[in-house]
Enquirer: 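Let me give you the structure first, and then I'll get to my questions.
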Amino acid sequence: MQNQVAIVMCNRVGKEGDVTFAGQSVVVDPYGNVVSKADDQEQLIIADIDLTQTAAARKQRPFLELRRPE
């Protein structure tokens with residue numbers, strides 16, 4: 001939400017050796033709202049992302065202006 005961009009995060013599912021992967025891939029809009037989320041099973045999630053939301057989110061919540069320039 002602080003970067004005010006849509007985020008798509010893919011996570012593995014299943015087991016590999018002693019490691020169990022949780023899955024739960026997610027698509028999040030620039031406001032931090034979850035648009036689509038997978039569960040712990042292998043699956044394909046599809047979501048429409050409105051790229052104009054980025055500009056609107058940055059105008060409504062100017063978080064980027066609060067960052068240190070360095």
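Heads up: numbering here begins at 1 and tracks the sequence.
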Enquirer: Might you point out which heavy atoms bring V35 and D48 nearest each other, and give the distance in Å?
Expert: CG1-O, 4.3 Å
Enquirer: Looking at every heavy atom in both I45 and S36, which two are closest together, and how far apart are they?
Expert: CB-OG, 3.7 Å
Enquirer: Mind listing the closest non-hydrogen atom pair of T54 and Q4 along with its distance?
Expert: CG2-O, 3.3 Å
Enquirer: What are the two closest heavy atoms between M9 and Q24, and how far apart are they?
Expert: CE-O, 3.8 Å
Enquirer: Quick check: closest heavy atoms across A56 and Y31, and the distance to 0.1 Å?
Expert: CB-OH, 3.6 Å
Enquirer: Decide yes or no for S25 and N11: does some side-chain heavy atom of the first lie under 4.5 Å from some side-chain heavy atom of the second?
Expert: yes
Enquirer: Can you list the residues that meet the side-chain hydrogen bond (donor to acceptor under 3.5 Å, both in side chains) rule with D39, with sequence neighbours excluded?
Expert: Q43
Enquirer: Could you list the cluster mates of V13? Members are the ILVMFWY residues connected by side-chain heavy atoms closer than 4.5 Å, either directly or through other members.
Expert: none
Enquirer: Between V8 and I49, what is the shortest heavy-atom contact and its length?
Expert: CG2-CD1, 4.1 Å
Enquirer: Any pair with a residue in residues 4-24 that passes salt bridge (Lys or Arg N to Asp or Glu O under 4.0 Å), sequence neighbours left out, goes on the list, sorted by first then second residue, please.
Expert: R12-E16
Enquirer: Please answer: with hydrophobic residues joined when any side-chain heavy atoms are less than 4.5 Å apart, are V27 and L51 in the same cluster?
Expert: yes
